[in-house]
Protein chains: 2
Amino acid sequence: MLEVMRVIREVVQPAAKVVRAGDVIFRAAAPFTTVYLINAGAFKLVSRSLDGREQIVSLKFRGDWLGFSGIASGRHPCDAIAMDTGNISIIPYDKLTEACARHPEMMAVIHEAMSAEITHERQSLMSVCTLASLARVAEFLCSWARSMNQRGLRADELTLRMTRADLGNYLGMTLETVSRCLSKLNREGLIRFGERGRRQISIPDLSRLEQFVIGGSMMHGQAAVQ
Amino acid sequence: MLEVMRVIREVVQPAAKVVRAGDVIFRAAAPFTTVYLINAGAFKLVSRSLDGREQIVSLKFRGDWLGFSGIASGRHPCDAIAMDTGNISIIPYDKLTEACARHPEMMAVIHEAMSAEITHERQSLMSVCTLASLARVAEFLCSWARSMNQRGLRADELTLRMTRADLGNYLGMTLETVSRCLSKLNREGLIRFGERGRRQISIPDLSRLEQFVIGGSMMHGQAAVQ
DNA sequence: CGATAGCTTGAGAATATTCAATTTTAGTGG
DNA sequence: CCACTAAAATTGAATATTCTCAAGCTATCG
């Protein structure tokens, strides 16, 4: 990942920007011209349906990209909003395509990023479709921890930068259910709340939490495929 | 879309292959070397979690691509299985990247395809997270119809090439719930079952069905984001 | 025409939502 | 720094939705 960021920096020499919680990186329906590489911070992507339903469709962190979903239609299909102070590199898409044409390793980087994004969104779907709420919340925490780990950040002490409502929206359940599930995980000793409020969650034993997801996954019985 | 297929045919001159229902295009964990462009037919992508949960994460049709999700890790993250007789173009990925480097419009095509795939998977998530089962089934039928329309195929007479179990898996509900929902939509006159069995579904009035989705979407009350 | 896989329907059980009350946390201005 | 306010989070009880289990039905394919 650091490798990717180095390549980008060398090849396109992008401008960078500091953002604060609540800042809008782009809005749904806005013309697509630019993609962003996250150097620091946490971001949410929010889609809206025609009839007003809102859905947080993805959470993004250091090393992730913002904006690829706008290529297809020439407009961004969702809002991108900072959940925390952060820093992003600003990369005009035409510059990026030029760079891709000239530098094969650059094209590889971009393709890998988009490919990973496709796979990631599918994993969200899998989680929502196959796990009961408690296991779903548990898996969310596991994947957040793994994600932090992968990026070289603290993984045993998560600071969720979102309300229970946001969390519930992302996970496909109500905020009350999120709250109950977190309380239950706490009672079971699988997580612990930090001193700085109940958005700070520590995971004493990640493998135990992962095991719990597996154990709790046999419900919600959709017949196996084929 | 036809434009895309013409560009591909001209630039990479791919081999094509006929497939039959049940044929496996690639398996999860198999090395990624090749992508496929669908000329005809219907395909499902099936992910499996470590603990054995199975999830149909996407359905693909004429004009869609198969395999991009394997770029990131060098291995396919899911199975791709034909649900019907069909025809696919076989395109070695290294040939494709070469072509992209030489032909800017080719790179544009590929980026648009991946971008569209990202957006599409997010819409699935939105549907599963924000709609009750009845509206979810209704929206699935709407989106199938729109999809067929877009591809120049009959949109008022759908032939689902999947079992209720597959459908339920894809939509995040049990096969019994799918069955009940379809029966209800039929009773309400929003759909009609064809003569050739209950996998054939006709939509007398698509806009009415779309309206129904909107009406049925106010449940499942996750608090709005921000 | 019989066997099998797929589909439908019902009844009871489990899970998640809704509504409401309370507590906690965070933010503001004196 | 502290009271005060508003927002966020927790928890309980009642309700609604969906799942599970079970039985019967309907296609389809040798």
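Here is how names work: the chains are called A, B, and so on, in the same order as the sequence lines, proteins then strands, and each is numbered from 1.
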Nearest whole angstrom, please: distance from the [atom2] of [N] to the [atom1] of [X].
{"X": "B:Leu160", "N": "C:dC7", "atom1": "CG", "atom2": "C1'", "result": "13 Å"}
{"X": "A:Arg161", "N": "D:dA8", "atom1": "CZ", "atom2": "C1'", "result": "17 Å"}
{"X": "B:Arg164", "N": "C:dT8", "atom1": "CZ", "atom2": "C1'", "result": "9 Å"}
{"X": "A:Lys184", "N": "C:dA16", "atom1": "NZ", "atom2": "P", "result": "10 Å"}
{"X": "A:Met173", "N": "C:dT15", "atom1": "CE", "atom2": "C1'", "result": "11 Å"}
{"X": "B:Leu171", "N": "D:dT18", "atom1": "CG", "atom2": "P", "result": "12 Å"}
{"X": "B:Leu175", "N": "D:dT18", "atom1": "CG", "atom2": "C1'", "result": "13 Å"}
{"X": "B:Ile201", "N": "C:dC7", "atom1": "CD1", "atom2": "C1'", "result": "12 Å"}

- request: Would you indicate which nucleotide in C:dC7, D:dT10, D:dT20 comes nearest to any side-chain atom of B:Thr174?
  value: D:dT20
task: Looking only at side-chain atoms of A:Arg198, point me to the closest of C:dA16, C:dT8, D:dT10.
output: D:dT10
query: When the nearest nucleotide of DNA chain C is assigned to A:Thr177 and to B:Phe193 on a heavy-atom basis, which residue is associated with the more 5' position?
result: B:Phe193
message: Looking at B:Glu176 and C:dC7, is any side-chain donor or acceptor paired with a base atom of the opposite kind under 3.5 Å?
response: no
- prompt: Distance-only, no hydrogens or angles: does the B:Ser183 side chain make a donor-acceptor pair with backbone N or O of B:Ser179 under 3.5 Å?
  reply: yes
message: Check whether B:Arg75 reaches the backbone of B:Ala29 with its side chain - one donor and one acceptor, N or O, closer than 3.5 Å.
response: yes
query: Just to confirm, is there a sub-4.0 Å distance from OP1 or OP2 of C:dT9 to any side-chain nitrogen or oxygen of B:Arg180?
result: no
task: Using only heavy-atom distances, determine whether the side chains of B:Ser47 and B:Gln55 contain a donor-acceptor pair under 3.5 Å.
output: no
- prompt: Hey, what's the ring geometry for A:Phe26 with A:His76, parallel, tilted or perpendicular (30° and 60° as the breaks)?
  reply: parallel
- request: Identify whether any heavy atom of B:Ser179 sits under 4.0 Å from a base atom; if not, whether one sits that close to sugar-phosphate; answer base, sugar-phosphate or nothing.
  value: base
